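Inspection log for the structure reproduced underneath, given as structure tokens.
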Amino acid sequence: MQKPLIAGNWKMHTTVHEGAELVLKLREFIKSTDSIDVVLAPPFTSIQHISHLVADSGIELAGQNVFWKEDGAYTGEISAQMLRAIGCSYVIIGHSERRALFGDTDDRVNKKAHAAVKAGLKPIICVGETLEEKEAGRTLSKVKGQIMRALAGLKTGSLRELTIAYEPIWAIGTGQSATPETAEEVHNSIRELLYEDYDTSAAKKIRIIYGGSVKADNIDSLMAMPNIDGALVGGASLKAEDFARIVQFESA
Ligand code: PGA
């Protein structure tokens, strides 16, 4: 089993100066990263600067998005190699905001996952259902479909470096987190799907993390669930004390 993974997705928040301040405070509050993988996903403009500030801290960096081509005439896009070169080891792919606002289809998510793996970045692939889909009882079919299409064609060996983030869209930024039991049920089904489709040792190593209104006061109960391997944190990752408390969750 891998270490738990707690990732902070800063979204389009913080200038380079604000980001630096946040990281310096975080370094004060986070005592140790020995038993946990801590990942920050700042805006692209801050990553390189922050990579110097987290050196020797155990904190790793992620891009919030990536384009699947290596280079070329793609104005405004950033490649996986470019992210690697400025110190990223992870990349978030298919966040629901990218899917809803910027046209990230399952096919694009799949291309981005391939590009990330090829460049040696560890993908964090986001999946999740809308409120309407949840109410229609379609959570599992939606999430399973997204995962199968995202992972299509990826070799078992590369899956070891993979994280799936289950982020119900109705829980993102709403303050209304899924209950630990509801999240666990979905995580468990995702785990079963991975066991069906991949060999056991590869499936075991894939982390399934939860995202959607994760806060200092609900992280302990979420992390007490056997199939919740970590969290993808939005709003609360912008407050150093809160994020540090989330990273230092109390295990049951
Ligand atoms: P939130 O965002 O923690 O603010 O709900 C989570 C996410 O979008 O990854």
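Bear in mind the structure is a predicted one, so any value in this text is a computation, not a measurement. Heavy-atom basis, side chains included; hydrogens, waters and symmetry copies ignored. Whatever order the structure lists ligands and atoms in, that order sets their numbers, starting from 1.
- Using a 4.0 Å cut-off to heavy atoms of H95, the atoms of ligand 1 that qualify are 7 (C), 8 (O), 9 (O).
- At a 3.5 angstrom cut-off on N or O pairs, T174 does not count as close to ligand 1.
- Of the protein's non-hydrogen atoms, the one nearest atom 9 (O) of ligand 1 is E167 OE2, 2.6 Å.
- Using a 4.0 angstrom heavy-atom cutoff, G173 counts as in contact with ligand 1.
- Looking only at protein heavy atoms, the nearest one to atom 3 (O) of ligand 1 is G234 N, 2.8 Å.
- Using a 4.0 Å cut-off between charged nitrogen and carboxylate oxygen, E161 and K205 do not count as a salt-bridge pair.
- Residue S213 places a heavy atom under 4.0 Å from ligand 1.
- Proximity to L232 (heavy-atom distance under 4.0 Å) selects the following atoms of ligand 1: 9 (O).
- For ligand 1 and G212, the ligand atoms under 4.0 Å from any heavy atom of the residue are 5 (O).
- Between atom CG of residue L222 and atom CG of residue D229 there is a gap of 12.0 Å, rounded to the nearest 0.5 Å.
- Within the 4.0 Å heavy-atom criterion, the part of A171 lying near ligand 1 is the backbone and not the side chain.
- Other residues, nucleotides and ligands contribute only 12 or fewer heavy atoms inside 6.0 Å of the NZ atom of K239.
- The line from CD of Q146 to CG of L151 is 11.0 Å long, rounded to the nearest 0.5 Å.
- Note on ligand 1: K215 sits outside its first shell, no heavy atom being nearer than 4.0 Å.
- Between I209 and L5, the shortest heavy-atom distance links the atoms CG2-O, 3.9 Å.
- The local environment of CD in E184 is crowded, with over 12 non-hydrogen atoms from other residues, nucleotides or ligands closer than 6.0 Å.
- Protein heavy atom in closest approach to atom 4 (O) of ligand 1: G235 N, 2.8 Å.
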Audit row: E133, T130, side-chain hydrogen bond (donor to acceptor under 3.5 Å, both in side chains) steps and yes/no: CA-CA 5 Å; E133 289 161 342; T130 62; 3.3 Å; yes
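- Atom CD of E181 sits in a crowded spot, with more than 12 heavy atoms from other residues, nucleotides or ligands closer than 6.0 Å.
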